[in-house]
There are 2 protein chains.
Amino acid sequence: MNEGLDNKMEFRHIRPTAMRAIVLKLMMEKTAATSLPELENELESADKATLYRTLKTFEQNKLIHRINDGSGTLKYALCKDSCDCDVEDQHIHFHCTKCNGTFCLNDISIPKVILPSGFSLSGIDTVVNGVCSNCNNDA
Amino acid sequence: MNEGLDNKMEFRHIRPTAMRAIVLKLMMEKTAATSLPELENELESADKATLYRTLKTFEQNKLIHRINDGSGTLKYALCKDSCDCDVEDQHIHFHCTKCNGTFCLNDISIPKVILPSGFSLSGIDTVVNGVCSNCNNDA
DNA sequence: GTTCTTGCAAAATATTTGCAAGACG
DNA sequence: CGTCTTGCAAATATTTTGCAAGAAC
């Protein structure tokens, strides 16, 4: 029943263990980015250190990417299947200040920046803060 | 000898204590943003909690602003004299992945972002990662 | 059987708060 | 005097590592 998950991992050269399948499945079911403490709560059977290393492995092999949304806790979201985590794959993240949820906005082009001379650029992290559509509807 | 510093603080309705003058002076001498642990190292006489609350007071009164550069440690940089910390005062930050220094790039316009419907926007944090001119010269 | 993964424990780092003593107006 | 600030201590939260047992290939 985990063929899809296992394929995803094997494609990224990650050994598909049961634990990793559980984490990946959970992350695929979410619309918002996840944090280590959040995974810890939802998967009580799993150890913090295991989850930490699972996320690290996923990140190193470009199955997920890390998001620093300013909430004080690192979050992680799935990469697209074709993701190479290079400039073309960069996208904006939206952080809801009400529900603390963080979402990838893949459709919005990332802003261009021209740096002062002497500076070289490797990537741009843009976090848009505001209120998401869910929270706006509740109000 | 602290007239300038004291004026800056009084202008922001911050009671100008000796400790605060020391912190403000140190921050004014820096070109890069500072963190709490960094201040702790450089001002051995000062207590962590005091520095923490000093930074908090400075931030609340818009003498400094907070930067989350993805390094895992919050940083703080001086606001401009005229700063009101609203949309007009927002600017890009550059984070050097080599020296871990973080700088305000006031001259570069912040990118515009159009969100999906239902989302409302309160602010945009953009951190440009790369190598600063100092570190590029060393190479 | 060799390598990789997991779980338990604990360290390391950063941030934050309580409380009593002290400084300031 | 009353309020604000500081220093010491400790709590909290998050991230990270060591090591031995277990699983995968």
Side-chain angles (χ1 to χ4, degrees), chain A residues 2-3 5-26 33-61 63-76 95 100 102, chain B residues 2-3 5-10 12-26 33-61 63-77 95 100 102:
Chain A
N2 280 344
E3 298 88 14
L5 298 170
D6 289 358
N7 284 344
K8 262 189 191 300
M9 290 191 273
E10 278 165 3
F11 178 69
R12 296 292 188 175
H13 305 104
I14 299 165
R15 190 190 287 188
T17 67
M19 188 77 256
R20 287 173 179 167
I22 291 171
V23 174
L24 178 55
K25 183 162 178 288
L26 186 55
T34 320
S35 67
L36 175 53
E38 190 182 335
L39 288 178
E40 229 184 312
N41 281 335
E42 297 178 4
L43 300 173
E44 291 192 18
S45 64
D47 184 76
K48 187 172 33 176
T50 302
L51 292 173
Y52 170 76
R53 286 183 276 228
T54 298
L55 290 173
K56 197 173 182 180
T57 300
F58 283 2
E59 188 192 3
Q60 284 171 341
N61 293 283
L63 192 54
I64 64 176
H65 59 277
R66 176 193 300 227
I67 307 162
N68 192 323
D69 64 5
S71 67
T73 310
L74 289 176
K75 294 185 183 164
Y76 300 86
H95 175 237
N100 193 31
T102 296
Chain B
N2 280 344
E3 298 87 13
L5 297 171
D6 289 358
N7 285 343
K8 263 190 191 297
M9 289 190 272
E10 277 165 4
R12 297 290 187 177
H13 306 102
I14 299 165
R15 191 192 286 188
T17 67
M19 188 77 256
R20 287 172 179 168
I22 291 170
V23 174
L24 179 54
K25 183 162 178 287
L26 186 55
T34 320
S35 67
L36 174 54
E38 190 182 336
L39 287 178
E40 228 185 311
N41 280 335
E42 297 177 5
L43 301 173
E44 291 192 18
S45 63
D47 184 77
K48 187 172 33 175
T50 302
L51 293 172
Y52 170 75
R53 286 183 275 228
T54 298
L55 289 173
K56 198 173 182 180
T57 300
F58 283 2
E59 189 193 1
Q60 284 170 342
N61 293 283
L63 192 55
I64 64 177
H65 59 277
R66 175 195 299 229
I67 307 163
N68 192 322
D69 64 5
S71 67
T73 309
L74 289 176
K75 294 185 183 165
Y76 300 86
H95 175 236
N100 194 31
T102 296

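None of the values given here were measured: they were computed from a predicted structure. Order of the sequence lines fixes the chain letters, A, B, ..., with proteins taken first and strands second; residue numbering starts at 1 for each chain.
- Rounded to the nearest 0.5 Å, atoms OG1 (B/Thr17) and CG (B/Asp6) are 9.0 Å apart.
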Enumerate all atom pairs, one protein N or O and one N or O from nucleotides 22-25 of chain C, separated by less than 3.5 Å.
none

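- Shown for residues 43-54 of chain B: residues whose heavy atoms fall under 4.0 angstrom of DNA chain D, namely B/Asp47, B/Lys48, B/Ala49, B/Thr50, B/Arg53.
- Once rounded to the nearest 0.5 Å, the distance linking CE of A/Met19 with CG of A/Asp47 reads 9.5 Å.
- Proximity of A/His95 to A/Asn100: side-chain heavy atoms (C-beta onward) are separated by under 4.5 Å at one or more points.
- Applying the side chain to side chain donor-acceptor pair (under 3.5 Å) criterion to B/Ser71, with sequence neighbours excluded, gives B/Asp69.
- Taking CZ of A/Arg20 as the start and CG of A/Leu55 as the end, the distance is 11.0 Å to the nearest 0.5 Å.
- Here chain B contacts DNA chain D (any atom closer than 4.0 Å to a heavy atom, that is under 4.0 Å), and the contacts span D/dC4 to D/dA10 from 5' to 3'.
- You'll find the side chain of B/Ile67 stays beyond 4.5 Å of the side chain of B/Leu74, heavy atoms only.
- For residues 48-60 of chain A, every residue pair satisfying the side chain to side chain donor-acceptor pair (under 3.5 Å) rule, not counting sequence neighbours, is listed here: A/Glu59-A/Arg66.
- In this structure, A/Lys75 NZ and A/Asn68 CG are separated by 10.0 Å, a value rounded to the nearest 0.5 Å.
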What donor-acceptor contacts under 3.5 angstrom involve side-chain atoms of residues 38-46 of chain A, with partners at least two apart or in another chain?
| residue | atom | partner | partner atom | Å |
| --- | --- | --- | --- | --- |
| A/Glu38 | OE2 | A/Lys30 | NZ | 3.0 |
| A/Glu42 | OE1 | A/Lys30 | NZ | 3.0 |
| A/Glu42 | OE2 | A/Lys30 | NZ | 3.0 |

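- Within the model, atoms CG of A/Leu63 and NZ of A/Lys8 stand 7.0 Å from one another, a figure rounded to the nearest 0.5 Å.
- Atom C1' of nucleotide C/dT15 and atom CD of B/Glu59 are separated by 13 Å, given to the nearest angstrom.
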